[in-house]
Enquirer: 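I have a structure here, written as structure tokens, and I will follow up with some questions on it.
The shown structure was predicted, so the numbers you read here are calculated from the model rather than taken from an experiment. Each chain gets a letter, A, B and so on, in the order the sequences are listed, and its residues count up from 1.
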Number of protein chains: 2
Amino acid sequence: MSADPADGTTARPTVVPGQRATRQRAAIGDLLDQLDDFRSAQDIHEELRRRGEGIGLTTVYRTLQALAEAGEIDVLRTAAGEASYRRCSDTHHHHLVCRTCGRTVEVEGPAVEHWAEKVAAEHGFAEIDHTVEIIGVCESCRS
Amino acid sequence: MSADPADGTTARPTVVPGQRATRQRAAIGDLLDQLDDFRSAQDIHEELRRRGEGIGLTTVYRTLQALAEAGEIDVLRTAAGEASYRRCSDTHHHHLVCRTCGRTVEVEGPAVEHWAEKVAAEHGFAEIDHTVEIIGVCESCRS
DNA sequence: GAGCTTATCGACACCGGGTGTCAGTACCGG
DNA sequence: CCGGTACTGACACCCGGTGTCGATAAGCTC
Ligand SMILES: [Mn+2]
Ligand SMILES: [Mn+2]
Ligand SMILES: [Zn+2]
Ligand SMILES: [Zn+2]
């Protein structure tokens with residue numbers, strides 16, 4: 001989970017040169033490790049304050065964005081258009097989310113990946129990116 | 001394309017009882033028929049005004065939403081979180097969109113549909129819905 | 001450890017897409 | 001042609017998110 005020892009081989013830009021390790025960033029990182037479904041910036045800010053962390057909402061917004069941009073966490077938009085974040089495994093995957101409780105399962109499928117690339121190529125599109133999310137109601141929410 | 005004759009079999013609630021046909025709705029519908037990539041409510045409003053239609057932005061927002069909710073048009077969210085609309089074919093499909101010019105191609109694939117259902121079932125999820133969008137750069141935008 | 005440079009923080013003003021309100025308008029069934 | 005009511009749209013407002021900028025504090029140097 002930590003990073004950047006003296007070896008220059010692992011190109012994990014976890015700590016971009018010039019990036020500082022602050023109490024606030026640590027707090028956000030720790031919290032993300034504990035949560036396991038997608039949460040909005042405001043949720044996270046609220047939870048941190050509840051736990052007694054002094055931290056500003058602006059900081060939470062920007063830190064989450066930076067983490068997302070760095071690929072350390074995943075973002076997805078709720079139906080309302082709000083961004084929500086979650087620390088995921090670092091392999092490519094998609095999400096199966098419960099629309100009631102928010103429970104999230106990481107899923108993957110070569111079938112989709114191939115399909116996406118094939119379809120794009122057939123239409124002359126390049127530099128492809130794709131979003132695939134499945135939303136439904138989980139087992140426990142149905143009882 | 002039209003609907004609701006006297007037969008009670010086709011449950012196509014295109015014109016919900018109590019819904020009125022107004023000049024504004026007609027104008028929006030006509031414009032949507034002419035455009036063929038995703039446009040925001042503001043784009044559509046602007047274009048209508050340019051063409052001399054007197055119409056309020058609020059009306060455009062609400063009409064597009066209603067059309068989307070009725071399944072008559074598709075919605076998708078831009079990277080900026082803005083909703084954009086397009087009249088599509090009425091069969092289930094997904095989109096291949098150019099991130100430069102917005103050119104849109106409807107695509108479909110049984111492979112993805114099956115995959116989504118299988119994955120959901122495996123994890124005990126029901127009442128599944130899914131979003132699949134492919135974004136890239138189209139051929140002409142690359143030259 | 002002190003000093004210094006500079007990334008970061010965060011209160012606050014602000015932005016912009018979208019929504020609630022409500023008085024005025026115009027469909028449309030009778 | 002009329003009346004009831006769905007619809008319209010100007011306007012105030014909501015709210016997630018961003019720009020600003022003085023205060024703060026990492027972390028490197030000596
Ligand atoms: Mn994929
Ligand atoms: Mn599908
Ligand atoms: Zn659930
Ligand atoms: Zn293009």
Side-chain angles (χ1 to χ4, degrees), chain A residues 2-6 13-31 38-49 51-70 72-73 75-86, chain B residues 3-4 6 13-31 38-70 72-73 75-86 102:
Chain A
S2 55
D4 66 290
T14 310
V15 177
V16 179
Q19 286 249 342
R20 292 175 184 176
T22 67
R23 172 179 58 77
Q24 291 88 338
R25 285 178 187 172
I28 292 175
D30 286 352
L31 180 54
F38 282 88
R39 298 296 181 84
S40 72
Q42 302 206 20
D43 283 346
I44 289 171
H45 176 246
E46 208 173 325
E47 180 59 27
L48 288 172
R49 307 288 295 210
R51 298 188 182 192
E53 280 295 334
I55 189 169
L57 180 55
T58 309
T59 301
V60 175
Y61 272 122
R62 299 224 221 273
T63 302
L64 288 171
Q65 262 167 223
L67 286 171
E69 215 148 315
E72 302 230 356
I73 61 180
V75 205
L76 64 80
R77 300 214 160 240
T78 65
E82 190 178 13
S84 52
Y85 304 89
R86 176 182 192 265
Chain B
D4 66 292
T14 309
V15 176
V16 179
Q19 285 249 343
R20 292 177 184 175
T22 66
R23 172 178 58 76
Q24 291 88 339
R25 285 178 187 172
I28 292 176
D30 287 351
L31 180 53
F38 282 87
R39 298 296 182 83
S40 71
Q42 303 206 20
D43 283 346
I44 289 171
H45 177 247
E46 208 172 325
E47 180 60 26
L48 287 172
R49 307 288 294 211
R50 195 189 336 276
R51 299 187 181 190
E53 279 294 335
I55 187 170
L57 181 54
T58 308
T59 300
V60 176
Y61 272 123
R62 301 225 219 272
T63 302
L64 289 171
Q65 265 168 221
L67 287 171
E69 214 146 317
E72 301 230 355
I73 61 180
V75 203
L76 65 81
R77 300 215 161 239
T78 66
E82 192 178 11
S84 51
Y85 303 88
R86 175 182 192 267

Enquirer: Of the listed nucleotides (C:dG18, D:dA10, C:dC28), which one gets closest to any side-chain atom of B:A21?
Expert: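 Minimum distance to the B:A21 side chain belongs to C:dC28.
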
Enquirer: Expressed as a whole number of angstroms, how long is the span from A:L57:CG to C:dC9:C1'?
Expert: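 Result: 13 Å.
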
Enquirer: So do B:Y61 and B:H45 actually touch side chain to side chain, heavy atoms under 4.5 Å?
Expert: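 The answer is no, as the side chains (C-beta and beyond) never meet within the 4.5 Å cut-off.
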
Enquirer: Counting heavy atoms from C-beta on, name the nucleotide in C:dG10, D:dG17, C:dG18 closest to the side chain of A:I55.
Expert: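 It is C:dG10.
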
Enquirer: Can you measure A:E82 atom CD to C:dG16 atom P for me and round it to whole angstrom units?
Expert: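 Spelled out: CD on A:E82 to P on C:dG16 is 20 Å.
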
Enquirer: Are A:R25 and D:dA26 close enough that a side-chain N or O sits under 4.0 Å from OP1 or OP2?
Expert: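 Checking D:dA26 against A:R25, no side-chain N or O comes under 4.0 Å of OP1 or OP2.
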
Enquirer: Please state whether the phosphate of D:dG16, meaning OP1 or OP2, lies under 4.0 angstrom from any side-chain nitrogen or oxygen of A:Q42.
Expert: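 Indeed, a polar side-chain atom of A:Q42 lies that close.
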
Enquirer: Think B:T59 has a side-chain N or O under 4.0 angstrom from the OP1 or OP2 of D:dG9?
Expert: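 For D:dG9, OP1 or OP2 has a side-chain N or O of B:T59 closer than 4.0 Å.
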
Enquirer: Given atom CZ of A:R20 and atom C1' of D:dT24, what is their separation to the nearest angstrom?
Expert: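 In whole Å, D:dT24 C1' lies 10 Å from A:R20 CZ.
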
Enquirer: What I'd like to find out is whether the side chain of B:Q19 reaches to under 4.5 Å of the side chain of B:R25, using heavy atoms alone.
Expert: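 Yes, their side chains come closer than 4.5 Å.
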
Enquirer: What is the nucleic acid contact for A:A83, judged by heavy atoms within less than 4.0 Å: base, sugar-phosphate only, or nothing?
Expert: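 Touches sugar-phosphate only.
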
Enquirer: To the nearest 0.5 Å, what is the distance between CD1 on B:I73 and CZ on B:R39?
Expert: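 The distance works out to 13.5 Å.
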
Enquirer: What is the nucleic acid contact for A:A80, judged by heavy atoms within less than 4.0 Å: base, sugar-phosphate only, or nothing?
Expert: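 Nothing: the residue A:A80, judged by heavy atoms under 4.0 Å, touches no strand.
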
Enquirer: Keeping A:R23 on the side-chain end and A:E53 on the backbone end, is there a donor-acceptor pair under 3.5 Å?
Expert: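 No, the answer is negative, given that no donor and acceptor are paired below the 3.5 Å cut-off.
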
Enquirer: Using a cut-off of strictly less than 4.0 Å, decide whether B:T22 has a side-chain nitrogen or oxygen near OP1 or OP2 of D:dT8.
Expert: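 Result: yes.
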
Enquirer: Find the distance B:R39:CZ to C:dG17:P and express it as a whole number of Å.
Expert: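 Computing the B:R39:CZ to C:dG17:P distance gives 16 Å.
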
Enquirer: From the options D:dA26, C:dC9, C:dG18, select the nucleotide whose nearest atom is closest to the side chain of A:T63.
Expert: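 Selected nucleotide: C:dC9.
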
Enquirer: C:dG17 P sits how many Å from B:L76 CG, rounded?
Expert: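 Rounded to whole Å, this separation is 16 Å.
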
Enquirer: Can you see if the side chain of A:Q24 gets near the phosphate of C:dG10 - specifically, an N or O under 4.0 Å from OP1 or OP2?
Expert: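 Yes, within the criterion.
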
Enquirer: Looking at B:E47 and B:R50, is any side-chain nitrogen of the basic one under 4.0 Å from a carboxylate oxygen of the acidic one?
Expert: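 Salt bridge present between B:R50 and B:E47.
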
Enquirer: Find the distance B:R23:CZ to C:dC27:C1' and express it as a whole number of Å.
Expert: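 Between C1' of C:dC27 and CZ of B:R23: 13 Å.
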
Enquirer: If you take atom types as modelled and just measure distance, does the side chain of B:R62 reach the base of C:dT21 with a donor-acceptor pair under 3.5 Å?
Expert: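 Checked by distance alone, the answer is yes.
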
Enquirer: Whole-Å distance between C:dT21 C1' and B:Y61 OH?
Expert: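 Those two atoms, OH and C1', are 17 Å apart.
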
Enquirer: Rounding to a whole Å, what distance do you find between B:L48:CG and D:dG9:P?
Expert: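 For the pair B:L48 CG and D:dG9 P, the rounded distance is 11 Å.
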
